[in-house]
**Q** 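Okay, handing you the structure first.
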Amino acid sequence: MSPEILAAIITGLVGLASLVSGAFFTYLGYRERRDNALREAVFRELALFGGGVQKRNIGLSMIGHFWGQMPELEGLFVRLLTNQGIYIVAKDEPVEPHEFSNMERIIRLLESVPKIKSEYDPFYDELIEELKKRNKEGRSGSRMTAEVLDDWIGRLEFRKKR
C-alpha cells in the first residue's frame, strides 16, 4: 500500500471519528438543554399547588405525567403529594367532589413508590395519621366515607410493608 493511500485512509478515519464525536456531543448538549427546560417547566408548574382545587388538579396531572420521567425528583414529588393530601384531609368542611378525585390520585401516586425508599416513611406516616384523625373524628363527607378513609390508610400502610 502506498504512503498516499495510507495517508488518505488515516485522514478519512480521523475525519469519521471527528464527525461521530461531534454528533455525540451535539446530542449530549441537546439532551442537557431538553432536561433543563423540562426541570424549569416542572418547577414553574409546582406553583399551581398553591391555588385551589382546579390548579391542584392540573399540578397532579403534571406530576403524574413526569413521575417516571424524572426519578431524581421523586422525593420532592412524595413530599409535595403527602402535604397536599394532608391539606385536603385536614379541612374542616366537607371535601368537594373534585378534591375527592384529587385525593384518590394522590393516593394512587403515593402507593406506587417502592418500599425501598424508606426515607419517605415519615411523610407517609403524617398523611396516614391525618387520615386516621379525620376518620376518628367522624368527619367523613359524601364521598369521603369512613370506608374510603380506611381504604386509603390500608393502601398507604401496605406500601410501607412491601
**Q** Can you hop from Val14 to Ile5 via hydrophobic side chains spaced under 4.5 Å?
**A** yes
**Q** List the steps and the verdict of side-chain contact (heavy atoms from CB on, under 4.5 Å) for Met103 and Leu131.
**A** CA-CA 11 Å; Met103 190 64 200; Leu131 289 163; 4.2 Å; yes
**Q** Could you please spell out the steps behind the side-chain contact (heavy atoms from CB on, under 4.5 Å) verdict for Arg56 and His98?
**A** CA-CA 10 Å; Arg56 185 175 356 284; His98 286 84; over 6 Å; no
**Q** Could I get the full list of ring-ring contact (aromatic ring centres under 6.0 Å, His included) partners for Tyr120, not counting sequence neighbours?
**A** none
**Q** Measuring from Met62:CE to Lys55:NZ, what's the distance to the nearest 0.5 Å?
**A** 13.5 Å
**Q** Could you list the residues that satisfy side-chain hydrogen bond (donor to acceptor under 3.5 Å, both in side chains) with Asn83, not counting sequence neighbours?
**A** none
**Q** By the rule that ILVMFWY residues connect when side-chain heavy atoms come within less than 4.5 angstrom, directly or transitively, which residues belong alongside Leu16?
**A**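 Under the 4.5 Å side-chain rule, Leu16 groups with Val20.
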**Q** Please identify each residue that fulfils side-chain contact (heavy atoms from CB on, under 4.5 Å) with Glu126, with sequence neighbours left out.
**A**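 Glu126: side-chain contact (heavy atoms from CB on, under 4.5 Å) contacts with Ile86, Phe123.
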**Q** Sorted by first residue and then second, give each salt bridge (charged side-chain N to carboxylate O under 4.0 Å, His left out) pair with at least one member in residues 10-24; sequence neighbours left out.
**A**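 Qualifying pairs, neighbours excluded: none.
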**Q** Inspect the contact between Glu157 and Lys132 and indicate whether a charged nitrogen and a carboxylate oxygen are less than 4.0 angstrom apart.
**A**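 Counted as a salt bridge, because a side-chain N and a carboxylate O are separated by less than 4.0 Å.
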**Q** Name the atoms and distances for all side-chain donor-acceptor pairs under 3.5 Å in residues 63-72, with sequence neighbours left out.
**A**
{"unit_1": "Gln69", "atom_1": "NE2", "unit_2": "His65", "atom_2": "O", "d": "3.4"}
{"unit_1": "Glu72", "atom_1": "OE2", "unit_2": "Arg39", "atom_2": "NH2", "d": "2.9"}

**Q** So, taking the atom named CH2 in Trp152 and the one named CD1 in Ile128, what distance separates them when rounded to the nearest 0.5 Å?
**A** 13.5 Å
**Q** Side chain of Arg155, backbone of Leu110: donor and acceptor closer than 3.5 Å?
**A**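 Absent.
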**Q** Determine, step by step, whether Leu60 and Gln84 satisfy the side-chain contact (heavy atoms from CB on, under 4.5 Å) criterion, reporting the C-alpha distance in whole Å, the side-chain angles of both residues, the deciding distance to 0.1 Å, and the verdict.
**A** CA-CA 10 Å; Leu60 287 169; Gln84 289 296 305; 5.9 Å; no
**Q** Check Glu104 with Arg108, please: is the shortest side-chain N to carboxylate O separation under 4.0 Å?
**A** yes
**Q** Is Arg143 close to Val148 at the side-chain level, that is, under 4.5 Å between some pair of heavy atoms?
**A** no
**Q** Can you find a pair of side-chain heavy atoms, one from Asn135 and one from Met144, that are under 4.5 Å apart?
**A**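 No, side chains not in contact.
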**Q** Under the rule for side-chain hydrogen bond (donor to acceptor under 3.5 Å, both in side chains), what residues qualify as partners of Glu147, not counting sequence neighbours?
**A**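 Listed in chain order: Thr145.
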**Q** Which residues pass the salt bridge (charged side-chain N to carboxylate O under 4.0 Å, His left out) test with Asp150, sequence neighbours left out?
**A** none
**Q** Distance from Leu127 atom CG to Leu81 atom CG, nearest 0.5 Å?
**A**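 Nearest 0.5 Å value for the CG-CG distance: 9.5 Å.
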**Q** In Å, rounded to the nearest 0.5 Å, how long is the span from CD1 of Ile9 to CG of Leu13?
**A**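 Here the interatomic distance stands at 7.5 Å.
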**Q** What pairs with Arg31 under side-chain contact (heavy atoms from CB on, under 4.5 Å), at least two apart in sequence or on another chain?
**A** Tyr27, Arg34, Asp35
**Q** Applying side-chain contact (heavy atoms from CB on, under 4.5 Å), can you list everything that pairs with Ser101, at least two apart in sequence or on another chain?
**A** Arg105
**Q** Run the side-chain contact (heavy atoms from CB on, under 4.5 Å) check on Ile153 and Glu130 step by step: do they pass?
**A** CA-CA 10 Å; Ile153 293 165; Glu130 197 61 43; over 6 Å; no
**Q** For Lys133, check side-chain hydrogen bond (donor to acceptor under 3.5 Å, both in side chains) against everything at least two apart and list the hits.
**A**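 For Lys133, no residue satisfies side-chain hydrogen bond (donor to acceptor under 3.5 Å, both in side chains) once neighbours in sequence are set aside.
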**Q** What salt bridge (charged side-chain N to carboxylate O under 4.0 Å, His left out) pairs are there with at least one residue in residues 74-89, not counting sequence neighbours?
**A**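 Residue pairs with at least one partner in residues 74-89: Glu74-Lys117.
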**Q** Give, for atom CD1 of Ile107 and atom CG of Asn102, the distance between the pair rounded to the nearest 0.5 Å.
**A**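 Spacing of CD1 (Ile107) from CG (Asn102) equals 12.0 Å.
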